[in-house]
**Q** 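Have a look at this one before I ask anything.
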Protein chains: 2
Amino acid sequence: MAEREQTEAEYLASYNPRAFPPQSVTVDMVLLTIRDGALSVLLIERGGHPFKGYWALPGGFVGSDEGLDEAARRELAEETGLEEFPGHFEQLRTYGAPARDPRMRVFSVAYLGFMPNLPAPMAADDAAQARWWPIADLEVTDGDELTYDQLAFDHSAILLDGLDRARAKLEYSTLATSFVKSPFTISELRRVYEAVWGVKLHDANFRRKVLSTEGFVVPTGGRKSIGRGPGVQLYRPGEGKILFPPMLRPAWDESE
Amino acid sequence: MAEREQTEAEYLASYNPRAFPPQSVTVDMVLLTIRDGALSVLLIERGGHPFKGYWALPGGFVGSDEGLDEAARRELAEETGLEEFPGHFEQLRTYGAPARDPRMRVFSVAYLGFMPNLPAPMAADDAAQARWWPIADLEVTDGDELTYDQLAFDHSAILLDGLDRARAKLEYSTLATSFVKSPFTISELRRVYEAVWGVKLHDANFRRKVLSTEGFVVPTGGRKSIGRGPGVQLYRPGEGKILFPPMLRPAWDESE
DNA sequence: ATAATAGTGTCTCTCAGACAGTATGTG
DNA sequence: CACATACTGTCTGAGAGACACTATTAT
């Protein structure tokens, strides 16, 4: 007897998605800001299993009718307590080693976010506490401080990838402005670069570079009085997104 | 009666992964090469539902005990028919719009690969045919040619993201060498840039840039005779991975 | 010889690094 | 006043764009 070829509708009706082993997808955030001149990452202390008591990147499962960016935006709103996320975020990369989560096969789509240092609620949604950790403190290996390898899951690797991406992004984009509240001074913007890159930049040359790059910053006309020195010219972010020629990072440590 | 706190082992034993709606993860490849001077992408014609008869990026489901890079490497081996993939590949980004696959919730982790133009078997593993499509042919919107919007799923968006990434990568990395068979001439390397960027480069300045960048190319000492012109010096890829200062792309079309 | 491509040399302009120096406020 | 920070100006050297020119070989 002749078999009629199956239509797409028939194929879909007979398709059984439960035939595959269960897998799940989460969104995890590397959320960076600058507090007291130090580049810092938001971590939460896990209140439940697995990795109970460990510090981890904030994140959660992707809802069944939710896109990835949408899930990231929801996580950001929950973590910062703000409806609209006041900064920049972008997808970082996806992690899917078979045993990275002991519960089941879980793929994590990591996102990278930059935001200014807001005195915001920063309410953790569940019982776990949330706090900003200076990156420099995570790099010490002695003492009883938190270090990279004490993070839950593979979050230390995700954090390191996020830091690499953030450092590279400042070179060829204007995203440094998303680390500061607007309006800001040129020196505040310079301190963003210094905090993220961990270097000292030459004040005069930095100023010339920023002001000569069209679309990077726009003067607001306002001035701000600060101790020790004259009033300071204020700026807001410009329309430009890419920085060309790029800002050059001194002491080239791209060795790894 | 006092409830004892649950241990992680107990938690995992009681964890039911089937409590969540089924989701799945695939790996899709944007595999690029240069054929007859034209940047080209490998596409397969789908032999089964869904999107039967449409052209699509090669890819497949991630095995339950398989990492993401591992799955990409397996796909590359299947598509090229070569055990070891002769080029470069890296993760591009992940796509997870809720309705991007009509069967179920499928997340696609896209990879980007560069390889030289090999007269390799290129055996499609299943019944579908596989072939290289010149990118320029996909950009025409009139006629009955294949165009971007005739690709299956959201593969046109993935392809466009891959092209963007490839074009950017050539600026600040030495990865152009993974598009050519070694040994190669400086002019062959220049034609890689010209094909990927779609521009003409100035021969003398390109040569100076490549040869003055330490670690980009290494002379093999060999020469190659070619019609119309003198013998040509041959090179192989150097150890350097990043290109600093970057190769500058003329006619800045990064507007989008 | 002619055409075509490989390869060298040089001028100019842009821009980053370095540094001197001025202005203006606070202790 | 001393000092710290904001801001301006200038010199220099590296490197990219443009172009002229030579070398070599197939037709």
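Labels below follow one simple rule: chain letters A, B, ... track the order of the sequence lines, proteins then strands, and each chain is numbered from 1. This one's a predicted model, so the numbers in the text were calculated from it and none came from an experiment.
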**Q** Just to confirm, is there a sub-4.0 Å distance from OP1 or OP2 of C/dA16 to any side-chain nitrogen or oxygen of A/K209?
**A**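 For C/dA16, OP1/OP2 do have a side-chain N/O of A/K209 under 4.0 Å.
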**Q** Anything under 30° is parallel, anything over 60° is perpendicular, the rest tilted; go ahead and classify B/W55 against B/W133.
**A** perpendicular
**Q** I want to confirm an ordering. Mapping A/S212 and B/Y235 to their closest nucleotides on DNA chain C, which one lands closer to the 5' end?
**A** B/Y235
**Q** Let me know the distance between CG of A/D203 and P of C/dG21, rounded to the nearest Å.
**A**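 Distance, rounded to whole Å: 17 Å.
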**Q** Which is more 5' along DNA chain D, the nucleotide nearest A/A204 or the one nearest B/A204? Just name the residue.
**A** A/A204
**Q** Starting the side chain at C-beta, find the nucleotide from C/dA16, C/dG7, D/dA16 nearest to B/Q233.
**A**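 Between C/dA16, C/dG7, D/dA16, the one nearest the side chain of B/Q233 would be C/dG7.
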**Q** Is the terminal nitrogen or CZ of B/R93 (NZ for Lys, CZ for Arg) located under 6.0 angstrom from the six-membered ring centre of B/Y95 and within 45° of that ring's axis?
**A**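 B/R93 over B/Y95 ring: yes.
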**Q** Looking only at heavy atoms, what is the nearest atom pair of B/N117 and B/T33, with distance?
**A**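 Scanning both residues, the minimum pair turns out to be N-OG1, 3.2 Å.
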**Q** Verify whether the ring centers belonging to B/F114 and B/F89 lie closer than 6.0 Å.
**A**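 That pair fails the under 6.0 Å test.
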**Q** Quick one: CG on A/D161 to NE2 on A/H155, what's the gap to the nearest 0.5 Å?
**A** 12.0 Å
**Q** What nucleotide among C/dT8, C/dG17, D/dA18 has an atom nearest to a side-chain atom of B/R208?
**A**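 Looking only at side-chain atoms, B/R208 lies closest to D/dA18.
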**Q** Can you check the A/I186 CD1 to D/dA6 P distance for me, whole Å?
**A**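 Rounded to the whole Å, the gap is 10 Å.
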**Q** Among D/dG15, C/dG7, C/dA18, which nucleotide sits nearest the side chain of A/H202?
**A** C/dA18
**Q** Would you say A/S187 places a side-chain N or O within less than 4.0 Å of OP1 or OP2 belonging to D/dA6?
**A** yes
**Q** Determine the stems involving DNA chain C; a stem requires 3 or more consecutive pairs of the Watson-Crick or G-U wobble kind, each with both distances below 3.5 Å, and the answer is none if no such run exists.
**A**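 Listed by first number, the stems are C:1-27 with D:1-27.
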**Q** Return the value, rounded to whole Å, for the distance between atom CZ of A/R207 and atom P of C/dC19.
**A** 18 Å
**Q** Could you give the CE-to-C1' distance, from B/M247 to D/dG15, as a whole number of Å?
**A** 13 Å
